[in-house]
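Chain letters run A, B, ... following the sequence lines, proteins first, then strands; residues in each count from 1. What you see below is based on every heavy atom in this structure, not just the backbone, and it leaves out hydrogens, waters and symmetry mates.
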2 protein chains.
Amino acid sequence: MKLEVISKSENKEVQNFIISQIRDLINYKNLEPGDKLPSERSLSDKFSVSRSNVREAIQKLEFYGLLKSIPQSGTFVANIGVIAMNGMIDDILRLEKPDFKALVETRILLELKTARLAALRRTDEDLKQMREALEAYSEKVLNGKDAVQEDLLFHLAIAKASGNSSLNTLMLMITPEIITNFEKHHVCDKGMARSGIQEHQDIFNAIKNQNPVEAKEKVKVHFKMLYQYCYNIE
Amino acid sequence: MKLEVISKSENKEVQNFIISQIRDLINYKNLEPGDKLPSERSLSDKFSVSRSNVREAIQKLEFYGLLKSIPQSGTFVANIGVIAMNGMIDDILRLEKPDFKALVETRILLELKTARLAALRRTDEDLKQMREALEAYSEKVLNGKDAVQEDLLFHLAIAKASGNSSLNTLMLMITPEIITNFEKHHVCDKGMARSGIQEHQDIFNAIKNQNPVEAKEKVKVHFKMLYQYCYNIE
DNA sequence: AAATTAAATCTGGTTAACCAAATCAAATAG
DNA sequence: CTATTTGATTTGGTTAACCAGATTTAATTT
């Protein structure tokens with residue numbers, strides 16, 4: 001018990017501590033899927049932390065599908081065995097903050113897929129939203145203005161057109177981190193944005209013409225510079 | 001204001017209501033990156049909801065990188081313009097719960113990539129963990145036992161070996177949903193698990209031999225049945 | 001003794017009071 | 001008039017009291 005070392009502001013540390021304690025509890029008590037965890041109050045008492053800290057930790061494990069809270073009843077181990085539970089909790093505890101390179105790598109992967117799927121599945125409504133985003137982007141760039149936001153919205157429109165809400169969510173989650181890093185590293189220069197108009201137009205046309213191969217190819221072209229950059233930094 | 005329609009348990013509705021209100025506020029007041037939002041108390045007062053509801057909504061927007069809370073100071077608009085803010089908030093509000101088909105589609109995409117990267121980057125320690133997971137899986141299957149968990153841990157070990165923490169996180173997030181759906185739809189039958197041993201071994205060997213092309217190919221084989229299933233249901 | 005009911009207790013969720021740091025305003029010193 | 005200090009206020013975060021529903025226990029009735 002090294003809790004006294006942890007300062008108040010280091011919330012993450014407390015949460016990880018509680019999560020590891022819950023893992024140990026599940027192991028020691030051989031809790032199986034469907035079994036009930038001790039109440040939040042008794043846990044906060046046992047671990048010598050506040051109940052709200054316990055709640056946050058439980059909510060995080062609930063987000064990853066490992067626990068399930070039922071009001072006025074209790075918190076239950078999800079339909080997942082003790083082995084997988086251990087493996088996943090260890091992974092969750094080990095999760096580092098992704099670096100920029102990893103983010104870009106993931107983004108390109110997702111974009112290649114969403115563009116291909118969008119070419120196969122886009123509706124007319126999807127197409128309309130993509131066109132609007134594209135026009136807004138072009139206008140900004142041609143007027144010499146910053147167009148990072150419009151660029152982003154175009155790509156999110158593609159993700160939406162992919163018809164895969166799971167992919168759409170993942171794109172949404174990594175997008176903000178991408179933006180802040182773009183601005184920090186000054187990735188998007190003026191020249192890039194100008195050539196970007198044609199590249200966006202090419203992607204749009206491929207999706208409009210329902211040509212998945214070309215859509216993927218054009219996205220690859222669009223990210224080529226970025227790819228090189230990504231593998232050069234740090 | 002249609003709040004009286006919303007029952008207490010429909011927390012999601014309340015949260016989405018608050019999020020849309022915050023979006024309107026940002027638009028109406030022309031809040032730009034770095035600007036401060038009204039305090040949680042005044043927001044809860046203005047929207048006629050509890051402060052904890054406001055906090056949850058803010059935390060969700062913080063998760064997507066749109067807001068940033070600073071203790072004893074305030075909540076601030078992230079380094080993202082009003083246009084992108086609107087687009088992303090609309091996307092967040094529209095996000096449906098992903099269907100199983102979308103999940104499997106995403107999983108295969110991620111697995112193909114992580115296997116390829118793992119072949120390129122795996123360390124000896126990664127290899128060791130993968131081998132342990134593989135052996136645990138084989139033993140269970142050969143003894144005629146259920147091995148869903150061990151299967152999962154093998155794939156998570158690959159994700160870890162990819163050296164991309166971003167991809168690793170995404171895999172972790174979609175995994176629990178996959179498992180529950182697998183069990184619900186009875187995807188993994190006994191016969192499948194038996195042939196799975198060789199398939200896992202092939203993937204492992206490709207990664208061990210640092211052959212990214214073969215690794216990707218073997219994963220594709222492994223998911224072939226699943227792919228067909230995925231495109232047949234519902 | 002079994003079935004039913006009623007009361008007491010536990011549960012996660014919610015609300016409100018409290019905290020300490022940060023901010024702002026005014027007063028004071030130079 | 002400027003710079004500094006001091007005190008009051010505002011902030012997000014934390015804690016504790018409270019709530020309603022679920023669960024368990026005990027009492028009552030048949």
Check your understanding: Tell me: CG of A:Asn53 to P of D:dT15, nearest whole Å?
Key -> 6 Å
Exercise for review: Name the nucleic acid region contacted by B:Ser52, choosing base, sugar-phosphate or nothing; use a 4.0 angstrom heavy-atom cut-off, strictly under.
Suggested key: base
Review point. So, A:Ser50 versus A:Ser44: side-chain donor-acceptor pair below 3.5 Å or not?
Key: no
Review point. Taking NZ, NE, NH1 and NH2 as the nitrogens, is one of them in B:Arg121 or B:Asp126 under 4.0 Å from a carboxylate oxygen of the other?
Key: no
**Study point:** For atom CD of B:Gln15 and atom P of C:dT14, their distance in whole Å
**Key:** 11 Å
Review point. Distance from B:Lys113 atom NZ to B:Met171 atom CE, nearest 0.5 Å?
Key: 14.5 Å
Exercise for review: For C:dT15, take OP1 and OP2 only and decide whether either is under 4.0 Å from a side-chain N or O of B:Ser50.
Suggested key: yes
Exercise for review: Return the value, rounded to whole Å, for the distance between atom CG of A:Leu43 and atom P of C:dC10.
Suggested key: 16 Å
Practice item. Between A:Arg41 and B:Thr75, name the one whose nearest nucleotide on DNA chain D is closer to the 5' end. Key: B:Thr75
Point to revise | Distance, rounded to the nearest Å, where A:Arg55 contributes CZ and D:dA16 contributes P | key: 15 Å
Point to revise | Rounded interatomic separation in angstrom, taking CD1 from A:Ile58 and P from C:dG12 | key: 7 Å
Point to revise | B:Ile18 CD1 - C:dT14 P separation (whole Å) | key: 11 Å
**Study point:** Rounded distance (Å) that lies between atom P of D:dT11 and atom NZ of B:Lys68
**Key:** 19 Å
Review point. D:dT15, D:dT23, D:dC18: which one has an atom nearest the side-chain heavy atoms of A:Arg51?
Key: D:dC18
Review point. Between A:Ser73 and C:dG12, is there a side-chain N or O to OP1/OP2 distance below 4.0 Å?
Key: no
Check your understanding: For residues A:Asn86 and A:Asn27, is any side-chain donor paired with an opposing acceptor at under 3.5 Å?
Key -> yes
Check your understanding: Rounding to a whole Å, what distance do you find between A:Lys36:NZ and C:dC10:C1'?
Key -> 8 Å
